[in-house]
Amino acid sequence: MTSGESHPAGSRFRWQVLLVPLLGMAAIAAGIAALQAPRRSAGWFAYAPLADQSFFSGDFILMDDLALAGYLLVGAGLLTLAFWLGFRLGRRRAGHHGSRM
């Protein structure tokens, strides 16, 4: 084949079909990696001089920007995969119903 000829429809690899689910899975993987990052903990204390006591809180975890980005990436990846699956199933059904009419 020369560079001007096109590939036959049956023999060409349809990478476009796999591009969207691969991007969705990559977003999910990146989000999970961001969620595995170590978290910063914080606490507080207060001193009551009249009672001569100190009050301490337990450590609590703050949701930092990296955790927020991780949750957003996982959500975006899941939405991308759901959209892609619905689109593919819709095209398949439309193709089957269209041939019966």
Side-chain angles (χ1 to χ4, degrees):
M1 279 188 183
T2 62
S3 62
E5 296 177 11
S6 63
H7 296 286
S11 68
R12 81 174 184 188
F13 179 71
R14 299 182 69 182
W15 62 270
Q16 297 93 348
V17 174
L18 295 177
L19 182 65
V20 173
L22 287 175
L23 288 174
M25 288 186 282
I28 292 171
I32 290 173
L35 290 173
Q36 299 299 320
R39 299 280 183 263
R40 291 179 279 177
S41 64
W44 61 271
F45 74 95
Y47 177 68
L50 294 178
D52 199 27
Q53 291 181 346
S54 294
F55 301 98
F56 294 95
S57 73
D59 285 344
F60 59 93
I61 305 293
L62 297 174
M63 182 156 66
D64 56 354
D65 294 338
L66 189 61
L68 181 62
Y71 285 119
L72 288 175
L73 280 170
V74 169
L78 289 173
L79 284 173
T80 301
L81 289 177
F83 172 79
W84 176 81
L85 183 62
F87 183 76
R88 295 288 296 169
L89 290 174
R91 283 187 67 176
R92 183 176 294 167
R93 281 192 179 167
H96 289 303
H97 292 301
S99 62
R100 292 181 189 170
M101 294 180 145

Atom pair OG1 (Thr80) and CG (Leu85), whose distance is rounded to the nearest 0.5 Å: 12.5 Å
Residues in side-chain contact (heavy atoms from CB on, under 4.5 Å) contact with [X], at least two apart in sequence or another chain:
| X | answer |
| --- | --- |
| Leu66 | Ala34, Ala37, Asp64 |
| Ile32 | Ile28, Gln36, Val74 |
| Leu22 | Leu18, Met25 |

Heavy-atom closest contact (Gly77 atom, Ala27 atom, distance): CA-CB, 4.0 Å
